[in-house]
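Okay, structure first, notes after.
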Amino acid sequence: MKTPPAMMQLQLAAPRTPVWQEVPVPAPGPGEVLMRVIGVTTCPHWDLHLFDGRPMFPGQSLVYPYLPGQPGHEAMGEVATLGADVKHLRVGQRVVAWRDTGKPRMGFYGQYNTFAEADLLAVPDKLPPAEIASLELAMCVEVSFQRLRAVGNLAGRRVGVAGLGPAGLVAVQLAVAHGAAEVIGIDPLAARGELALTLGASRVVTPDVTAWPAGRRGEPALDYALDCTGRSGSVEFLLDRTREAVALFGVLREEVRYAPHHMWGPGVTLLGYGDHNRAAAESALALILAGRLRLAPLVTHTLSLQHYAEGVELLRRQEAIKVLFDPWS
């Protein structure tokens, strides 16, 4: 596959200042491939934070111009060129990024990007971008289910998912896929709840302490729960209503109150996040190929990457769940 000498790429020159610029096409290093990006989806919290110049994690410092192509990391495309020592991928093969190592490097908000072979999975040509580009998110959520399954079997149990944004909507489907008898979505936004119901939630409720009083025994207590909000109030709401374990997925920026009554009866376990791993990515991919995990319904808008700022504003107004960007239109 012949690649051009130059490409178009997005870079945040300053907060709220995206620049669509021509740059040289990079060459893959040892163990890397050059990927022609076909579709890349937003990771809403990353995009909003970096677009606004706010650190994603407490204590993080940001320098602008930001790394070119970042924060794009949920991407699929095809292999354009092989670097030295690439053993398994071939030119023309469709691939998807399954993890972002977090190391400073160029991102996928552009027409091409180099990426390690070890961080890519081969995918069938038939999968459209909207159905596979967000595999990295699905892998991340599956890591939390690995943590929950280490505590106990989810099969036949009642599982709650707080926060029905992209991660929560994936979590609803993964809970069903792992055998939960009932999946309860928790979110104040009616539209998100309606989508969760179409994706397998048994029912959706608002986080209302009056309508759902605290209690960890009998109905309607949860057996397991996953928080996708990162808000302490949401985590504490789940701790007060869950018997076995609450797993944290949303980025926590506040202290959580684990009270004495949480440790008795028996006590509920509060689980931190695990490590990204290929097994979680392969599990998520298998569910996608089997039709048991659908990522396309999360993509509510498709835009040219040149209209990146418009996509971020759709996320800010909560009019979009995920935006799929096409770097070639």
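Worth knowing before you read on, the calculation uses all heavy atoms, side chains too, and leaves out hydrogens, waters and symmetry mates. Along the sequence shown, residues are numbered consecutively beginning with 1.
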Derivation of the side-chain contact (heavy atoms from CB on, under 4.5 Å) call for Leu303 and Leu314: CA-CA 11 Å; Leu303 297 174; Leu314 288 169; 4.3 Å; yes

hydrophobic_cluster_shared for Leu226 and Ile321, side chain cutoff 4.5 Å: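 Same cluster.
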
Transitive ILVMFWY side-chain link Val159 to Val204, under 4.5 Å: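 Yes, because Val159 and Val204 connect within a single hydrophobic cluster, where side-chain heavy atoms sit under 4.5 Å apart.
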
Can you confirm whether more than 12 heavy atoms, excluding those of [X], are under 6.0 Å from its [atom1] atom?
X	atom1	value
Arg317	CZ	yes
Glu255	CD	no
Arg294	CZ	no

Any side-chain heavy atom of [X] sitting closer than 4.5 Å to one from [Y]?
X	Y	answer
Asp187	Thr229	no
His178	Arg157	no
Val235	Leu270	yes
Glu74	Val96	no
Leu289	Leu127	yes
Arg149	Leu154	yes
Pro71	Phe51	no
Leu82	Val91	yes

Once rounded to the nearest 0.5 Å, what's the spacing between atom [atom1] of [X] and atom [atom2] of [Y]?
X	Y	atom1	atom2	result
His276	Trp98	NE2	CH2	8.5 Å
Leu271	Arg147	CG	CZ	5.5 Å
Met35	Leu120	CE	CG	6.5 Å
Leu248	Asp227	CG	CG	6.5 Å
Arg316	Asp47	CZ	CG	10.5 Å
Leu34	Thr81	CG	OG1	4.5 Å

Partners meeting ring pair (Phe, Tyr, Trp, His ring centres under 6.0 Å) with His45 (sequence neighbours left out):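 In terms of ring pair (Phe, Tyr, Trp, His ring centres under 6.0 Å), with neighbours along the sequence ignored, His45 is linked to no residue.
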
Stepwise side-chain contact (heavy atoms from CB on, under 4.5 Å) test for Val161 and Cys228: CA-CA 7 Å; Val161 177; Cys228 297; 4.3 Å; yes

Salt bridge (Lys or Arg N to Asp or Glu O under 4.0 Å): pairs with one or both residues in residues 108-131, sequence neighbours excluded: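 Only Arg99-Asp119 qualify under salt bridge (Lys or Arg N to Asp or Glu O under 4.0 Å).
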
Test item: Ser202 side-chain N/O and Val183 main-chain N/O as donor-acceptor pair under 3.5 Å: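 Side chain of Ser202 to backbone of Val183, a donor-acceptor pair under 3.5 Å: yes, one is there.
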
Side-chain (Arg192) to main-chain (Leu169) donor-acceptor, under 3.5 angstrom: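 No, because the side chain of Arg192 does not come within donor-acceptor range (under 3.5 Å) of the backbone of Leu169.
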
Looking only at heavy atoms, which two atoms of [X] and [Y] are closest? And how far apart?
X	Y	result
Ala13	Tyr64	O-CB, 3.6 Å
Pro18	Leu10	CB-CD1, 3.8 Å
Arg231	Leu252	C-CD1, 4.4 Å
Phe115	Ala97	CE2-CB, 3.8 Å

Candidate pair Met8 and Leu305, rule side-chain contact (heavy atoms from CB on, under 4.5 Å), full reasoning: CA-CA 10 Å; Met8 299 304 294; Leu305 190 49; over 6 Å; no

Under-4.0 Å salt bridge between Asp223 and Arg158: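 So Asp223 does not pair with Arg158 through a salt bridge.
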
Not counting sequence neighbours, which residues clear side-chain contact (heavy atoms from CB on, under 4.5 Å) with [X]? List them please.
X	result
Ala150	none
Val205	Ile184, Ile186, Arg203, Trp212
Gln70	Tyr66, Leu67, Arg105

Verdict with supporting geometry, Tyr258 and Met263, side-chain contact (heavy atoms from CB on, under 4.5 Å): CA-CA 8 Å; Tyr258 189 99; Met263 68 178 293; 4.1 Å; yes

Lys NZ or Arg CZ of Arg241 over Phe237 ring: under 6.0 Å, within 45°: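 Flagged: Arg241 positioned over aromatic ring of Phe237.
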
Of all pairs that satisfy side-chain hydrogen bond (donor to acceptor under 3.5 Å, both in side chains), the ones with a partner from residues 9-27, not counting sequence neighbours: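 Applying side-chain hydrogen bond (donor to acceptor under 3.5 Å, both in side chains) to every pair that reaches into residues 9-27, excluding sequence neighbours, yields Gln11-Gln21, Arg16-Asp52.
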
Parallel, tilted or perpendicular: rings of Trp328 and Tyr112 (30°, 60°):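 The arrangement is perpendicular - the two ring planes meet at more than 60°.
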
